[in-house]
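Small disclaimer: the values here were computed from a predicted structure and weren't measured. Positions are given from 1 along the sequence.
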Amino acid sequence: MRVKRIVANLKATEPQRSAGDVFYQDVLGLDCQMDQGWIQTYMGADSMPIQISVATEGGAGTPLPDVSIEVDKVDEACARMREAGFEITYGPTDEAWGVRRFYVVDPYGNVVNILQHL
């Protein structure tokens with residue numbers, strides 16, 4: 001047996017395509033591949049390694065984020081989030097373990113850790 005995929009399921013009391021589309025599609029560049037009303041699934045085209053983290057905090061004394069998303073240009077992602085009006089709650093900052101990152105709150109109240117390996 002092998003694990004084929006891990007899916008992050010983020011809580012939303014009322015998933016709304018327009019809100020999710022701005023954050024996950026317009027800003028992060030993911031495509032909405034499924035919309036059942038009660039769930040929207042946004043996907044990228046790249047194949048990614050399987051990873052799951054278990055932690056007591058988010059590192060550097062920050063709260064544990066709901067999900068982490070790695071990007072190729074973290075400062076551009078941060079600027080785009082700010083331009084779209086999303087709340088940056090931490091960073092951007094370079095961390096001792098070799099990433100540059102920031103925390104942003106998605107339209108549903110989830111804390112998203114956006115990072116780039118240095």
When you look at D75 and R100, which way does the salt bridge (charged side-chain N to carboxylate O under 4.0 Å, His left out) test go after all the steps? CA-CA 9 Å; D75 290 320; R100 181 165 178 78; 2.9 Å; yes
Step through the shown structure and confirm whether more than 12 heavy atoms of other residues, nucleotides or ligands are within 6.0 Å of CD on E14. no
Contact check, side chains of P107 and Q16, non-hydrogen atoms, under 4.5 Å: no
Hydrophobic clusters here meaning ILVMFWY residues chained together by side-chain heavy-atom distances under 4.5 Å, can you tell me if V71 and M81 are in one? yes
Going through the distances and angles, do L28 and I114 end up as a side-chain contact (heavy atoms from CB on, under 4.5 Å)? CA-CA 10 Å; L28 290 176; I114 308 280; 4.1 Å; yes
Side-chain heavy atoms nearer than 4.5 Å, only ILVMFWY residues, links allowed to pass through others: does that put Y90 and L115 together? no
How close do G58 and P65 get, heavy atom to heavy atom, and via which atoms? CA-CD, 3.9 Å
Which heavy atom of R5 sits nearest a heavy atom of I50, and at what distance? N-CD1, 3.9 Å
Linking I/L/V/M/F/W/Y whenever their side-chain heavy atoms sit closer than 4.5 Å, directly or via other members, would M34 and Y42 fall into one cluster? no
Which atom pair, heavy atoms only, marks the closest approach of D35 to G37? OD1-N, 2.9 Å
Are V111 and F86 connected in a single hydrophobic cluster, I mean Ile/Leu/Val/Met/Phe/Trp/Tyr linked by side-chain heavy atoms less than 4.5 Å apart? no
What are the two closest non-hydrogen atoms of A60 and R101, and how far apart are they? CB-NH2, 4.1 Å
Are side-chain heavy atoms of V67 and N110 found at a separation under 4.5 Å? no
Following the transitive rule for hydrophobic clusters with a side-chain heavy-atom cut-off under 4.5 Å over Ile, Leu, Val, Met, Phe, Trp and Tyr, establish whether V27 and I88 coincide in one cluster. yes
Y108 side chain near K11 side chain, heavy-atom distance below 4.5 Å: no
Compare every heavy atom of D26 with every heavy atom of R80, then report the nearest pair and how far apart it is. NH2-O, 2.6 Å
Which atom of P15 lies closest to which atom of Q40, heavy atoms considered: CB-OE1, 2.9 Å
For T62 and Y103: C-alpha separation, side-chain torsions, deciding distance, then whether side-chain contact (heavy atoms from CB on, under 4.5 Å) applies. CA-CA 10 Å; T62 64; Y103 285 5; 2.7 Å; yes
Between the side chain of E87 and the main-chain N/O of V105, is any donor-acceptor distance below 3.5 Å? no
Quick check against the 3.5 Å criterion: does E95 have a side-chain atom that pairs as donor or acceptor with the backbone of V99? no
Rounded distance (nearest 0.5 Å) linking atom CD of E76 with atom CD of E83: 9.5 Å
Checking side-chain contact (heavy atoms from CB on, under 4.5 Å) for the pair L10/Y24: CA distance, chi angles, key distance, verdict? CA-CA 12 Å; L10 298 176; Y24 292 103; 3.2 Å; yes
Dump the intermediate steps for side-chain contact (heavy atoms from CB on, under 4.5 Å) on V104 and F23, then the final yes or no. CA-CA 10 Å; V104 58; F23 190 92; 3.7 Å; yes
Hey, does Q25 have a side-chain heavy atom less than 4.5 Å from the side chain of L30? no
